[in-house]
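Notes to accompany the following structure.
As the structure is a prediction and not an experimental result, all values here were calculated from the model. For the single chain, residues carry numbers from 1 onward in sequence order.
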Amino acid sequence: MFVHTDLPLVTPLTAQQLQRAGVPAGWNFGQADRVRFHELDALNHVNNIVYLRWFEDLRIPYFHAHAITSYNSKDDPQVVLATNAARYFKPMFLGETFVVTARCTSFRNSSFVLEYGVWVEGELRCSGETVIVTLEQDGKTKRPLSPAVIAALTADGATKAG
């Protein structure tokens, strides 16, 4: 069982902590957690839907850290998931400590792509991708990404898509 007692759980990790946990370079945002009993399925490994929940649990602090939305202001954009996908490589089991990571790979005027990874001792157990669209508060009109968001996503390694 992979246990990193020096990693804080459910707290954004520093680049050094990510590296110590075996996460490859290029992933700069992540947090550690441990597999809980209620996340298991009948085969005694992590249920497939749980990975999507882990992605969401990281997506919210990622949004805060990259100034995408605070979820507290009527001036914030509505943030809508257009697609959500996962690819599973190896099962995970009760008590395993893992790191889930997120990074932006590309953006357009009012949308961006987040890529995810779930890592155990540097081994990728699951990957995912989400396309996110920003809308005005009317829930219909696309809202362009602000210059601050574009700068944060670019600093994360993202490039402007055609």
Flag side-chain contact, heavy atom, 4.5 Å: [X] against [Y]:
| X | Y | answer |
| --- | --- | --- |
| Arg34 | Phe98 | no |
| Tyr51 | Tyr116 | no |
| Lys140 | Leu135 | no |
| Pro61 | Gln31 | yes |
| Leu145 | Phe112 | yes |
| Phe107 | Val149 | no |
| Val35 | Leu40 | yes |
| Val113 | Glu129 | yes |

Go through it in stages, so that I can follow the logic: the residues are Ile68 and Leu153, the test is side chain to side chain contact (heavy atoms under 4.5 Å, CB included), and I'd like the CA-CA distance, side-chain angles, deciding distance and then a yes or no. CA-CA 9 Å; Ile68 294 163; Leu153 297 180; 4.2 Å; yes
[X] and [Y]: which non-hydrogen atoms are nearest, and at how many Å?
| X | Y | answer |
| --- | --- | --- |
| Ala161 | Ser106 | CB-CB, 4.3 Å |
| Trp27 | Leu18 | O-CD1, 3.5 Å |
| Phe93 | Val46 | N-CG2, 4.5 Å |

Under 6.0 Å from the CD atom of Gln19, do we count more than 12 heavy atoms belonging to anything else shown?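 At most 12 heavy atoms, drawn from other residues, nucleotides or ligands, come within 6.0 Å of this atom.
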Look at atom CZ of Phe37 and say whether more than 12 heavy atoms of other residues, nucleotides or ligands are closer to it than 6.0 Å. no
Decide yes or no on side chain to side chain contact (heavy atoms under 4.5 Å, CB included) for Arg59 and Thr130, but give the supporting numbers first. CA-CA 10 Å; Arg59 190 166 47 246; Thr130 303; 3.8 Å; yes
Ring-plane angle category for His66 and Tyr62, please: parallel below 30°, perpendicular beyond 60°, tilted otherwise.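 Correct class here is parallel.
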Got a sec, which residues hit side chain to side chain contact (heavy atoms under 4.5 Å, CB included) with Ser111, two or more places apart in sequence or on another chain? Arg108, Val133
For side chain to side chain contact (heavy atoms under 4.5 Å, CB included), just list the numbers for Trp119 and Leu124, CA-CA rounded to whole Å, side-chain angles, deciding distance to a tenth of an Å, and then say yes or no. CA-CA 5 Å; Trp119 310 87; Leu124 183 61; 3.6 Å; yes
Which is it for Phe55 and Val100 under the side chain to side chain contact (heavy atoms under 4.5 Å, CB included) test, yes or no, and what are the steps along the way? CA-CA 7 Å; Phe55 297 162; Val100 61; 3.9 Å; yes
Among the clusters formed by ILVMFWY side chains lying less than 4.5 Å apart, do Leu58 and Met92 turn up in the same one? yes
